[in-house]
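Just below is one structure, and these are the notes that go with it.
Residue numbers begin at 1 in each chain, while the letters A, B, ... track the order of the sequences. Values in this document were obtained by computation on a predicted structure and should not be read as measured data.
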2 protein chains.
Amino acid sequence: MSNKQSTQLKILEAAEQLFAETGFSATSLRQITSLAEVNLASVNYHFGSKKELIQAVLQRYLAILMPRLDQEFTRLLAAQQPNQLTTVLSVFVEPLLELSAVQPQGTSTFLQLLGRGYTDVQGHLRWFFNHHYGRTLDKFVLLVQQSCPALPPSEIFWRLHFSLGTIVFTMASNVALKDIAAADFNETVEIDGVIKRLIPYLAAGIAAPSAA
Amino acid sequence: MSNKQSTQLKILEAAEQLFAETGFSATSLRQITSLAEVNLASVNYHFGSKKELIQAVLQRYLAILMPRLDQEFTRLLAAQQPNQLTTVLSVFVEPLLELSAVQPQGTSTFLQLLGRGYTDVQGHLRWFFNHHYGRTLDKFVLLVQQSCPALPPSEIFWRLHFSLGTIVFTMASNVALKDIAAADFNETVEIDGVIKRLIPYLAAGIAAPSAA
DNA sequence: GTACATTTCAAACGTATGTTTAAATTCGCT
DNA sequence: AGCGAATTTAAACATACGTTTGAAATGTAC
């Protein structure tokens, strides 16, 4: 291979691949350093600890994605009247797809990592995310409330969490689902296909009439 | 305490609690036996291995739930015309709530375990479940297809997995969500309240018009 | 009450993990 | 070329895990 990448980068790329495939806790530093073809101790040398490596892997994507999303949310909030819910949701598509700039497969990898972040019970990740990007998320919730003026805020709260569950779970099982879909329906499914399939589903669920 | 329960039962109850709270792999046999106040070796004596303990914990609920669901599905399939989608989904409510017969909080615990089963990558669980209850699941998919004749089967496949994600994620974060809802909206939320909130959301998402 | 099977127990086994150490090596700079 | 800092390396450390062992304790039937 004669890989001239820096050790840091080799670790990051091996780590993100294994983290996405099997989760944070289930991936050992020895697997990572073995795949990256670097010494075991170099993870602690360059990143301090496994915990900090996990944050570095996520941060590489979040640092690109979240400012982009914030900018889009701000733009929509400036509109004179409420936006369509599908418009609000569609705002995620482009910034997510642009993550392939970090790496080919970047979009898919990041979404899987996001899923792992919620299902692996890594308390430090929740804190890390809310601390850095809570403001951006608030703008999104406001946009959804404006799109659905008939729904009480508590209903929106629940439905947004329902939707987060859909996204996180779908992305965490992304590989398995793609395999099943390919086998059962002879479909080739790429990540942008899944994202675009999600939007009408989520929009319909979030905007559904209340049960009374 | 002077607990006269059998060692087996004490292990099962401690295990299900810890598995639901923190997942299968993240829970050690030493945590389980410590909470159950039994000897470490008794897990291997009574259940053989950790893997088999996990299956026993799930089986205690599945053995009650799945025949009940199968019976309901069969009843609906006997109808002359397609059932409403909300009717099909509502069929889950009663059997799930009846799981409190196993244990108070049984419904909530089981749904959390189900979530863990999907997010913890325990390959043997998927096999175990499909092998035992694949037939029942097929009936449910058929019912949904009858309810949504306009949707291609591949679209239904994806949307049912989206829905599974909602359920699994919501139940896995059940405790946290209840606390937030109580604090932000002054709502008291019980498990049957969450389940009933889910149905219109899921029904609208599954039946949404296709994007293309 | 004695013999037998079942269950409990403390201890150890083998393996894997994240992290640390200290020496060896490589790199950047004058 | 040679010095000092940065990096890489092999080895060990401490800890945790699931599992096994063999003896002690308990229960059961005659």
Side-chain angles (χ1 to χ4, degrees), chain A residues 1-59 113 116-117 119-125 128, chain B residues 1-59 113 116-117 119-125 128:
Chain A
M1 303 268 272
S2 85
N3 206 334
K4 292 245 352 172
Q5 289 174 321
S6 73
T7 300
Q8 279 209 40
L9 196 57
K10 286 198 280 186
I11 293 174
L12 276 177
E13 302 203 329
E16 80 169 31
Q17 178 187 330
L18 293 172
F19 285 157
E21 278 171 14
T22 49
F24 299 115
S25 357
T27 301
S28 73
L29 296 186
R30 283 169 178 82
Q31 290 177 268
I32 293 170
T33 54
S34 162
L35 178 62
E37 297 179 311
V38 302
N39 187 272
L40 167 63
S42 54
V43 171
N44 292 289
Y45 177 78
H46 285 286
F47 297 93
S49 65
K50 184 180 181 181
K51 209 184 268 192
E52 289 166 284
L53 171 63
I54 294 173
Q55 293 180 6
V57 165
L58 283 172
Q59 184 63 1
L113 290 172
R116 299 294 180 187
T119 54
D120 270 30
V121 262
Q122 303 272 0
H124 65 103
L125 280 186
F128 177 81
Chain B
M1 302 272 271
S2 82
N3 207 337
K4 291 246 351 175
Q5 288 174 319
S6 73
T7 300
Q8 279 209 38
L9 196 56
K10 286 197 280 187
I11 293 173
L12 275 178
E13 302 204 328
E16 80 168 32
Q17 179 187 330
L18 293 172
F19 284 156
E21 279 171 13
T22 49
F24 298 115
S25 356
T27 301
S28 73
L29 296 186
R30 284 168 176 82
Q31 290 176 271
I32 294 170
T33 54
S34 161
L35 178 62
E37 296 179 313
V38 301
N39 187 272
L40 167 62
S42 54
V43 171
N44 290 291
Y45 178 77
H46 285 288
F47 296 93
S49 65
K50 184 180 181 181
K51 209 184 267 191
E52 288 165 285
L53 172 62
I54 294 174
Q55 293 180 5
V57 165
L58 283 172
Q59 185 62 0
L113 290 172
R116 299 296 179 186
T119 53
D120 270 29
V121 261
Q122 304 272 359
H124 65 105
L125 280 185
F128 177 80

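- In this structure, the CD atom of A:Gln8 is 11 Å from the C1' atom of D:dT7, given to the nearest Å.
- Across D:dC17, D:dT20, C:dT20, the shortest atom-to-atom separation from the side chain of B:Asn44 is found for D:dT20.
- Within the 4.5 Å cutoff, side-chain heavy atoms of B:Glu13 are placed close to those of B:Leu9.
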B/S/- along nucleotides 7-13 of chain C (protein heavy atoms under 4.0 Å) is BBBB-B-

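- Nucleic acid contact class of B:Thr33 (heavy atoms, under 4.0 Å, all strands): none.
- If you measure from atom CD1 of A:Ile32 to atom P of C:dT19, you get 11 Å, rounded to the nearest angstrom.
- Using a 4.5 Å heavy-atom cutoff, the side chains of A:Leu12 and A:Leu53 are in contact.
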Assess the residue pair B:Asn39 and B:Thr33 against the criterion (side chain to side chain contact (heavy atoms under 4.5 Å, CB included)); give the C-alpha distance rounded to whole Å, side-chain angles, the decisive distance to 0.1 Å, and a yes or no. CA-CA 6 Å; B:Asn39 187 272; B:Thr33 54; over 6 Å; no

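- The nearest whole Å value for the distance from the CD1 atom in A:Ile11 to the P atom in C:dT19 is 13 Å.
- Here the side chain of B:Lys50 pairs no donor or acceptor atom with the backbone of B:Val43 at under 3.5 angstrom.
- When the C1' atom of D:dG18 is taken as reference, atom CZ of B:Phe19 falls 12 Å away, rounded to whole Å.
- Distance A:Leu29 CG to D:dT9 C1': 16 Å, rounded to the nearest Å.
- Here the side chains of B:Gln8 and B:Phe47 are in contact, with some heavy-atom distance below 4.5 Å.
- Between B:Leu58 and B:Phe19 there is no side-chain heavy-atom pair separated by less than 4.5 Å.
- Remark: C1' of D:dT19 and CD of B:Glu52 are 13 Å apart, rounded to the nearest angstrom.
- Remark: P of C:dT17 and CZ of A:Phe24 are 17 Å apart, rounded to the nearest angstrom.
- B:Lys50 has its NZ atom 4 Å from the P atom of D:dG18, to the nearest Å.
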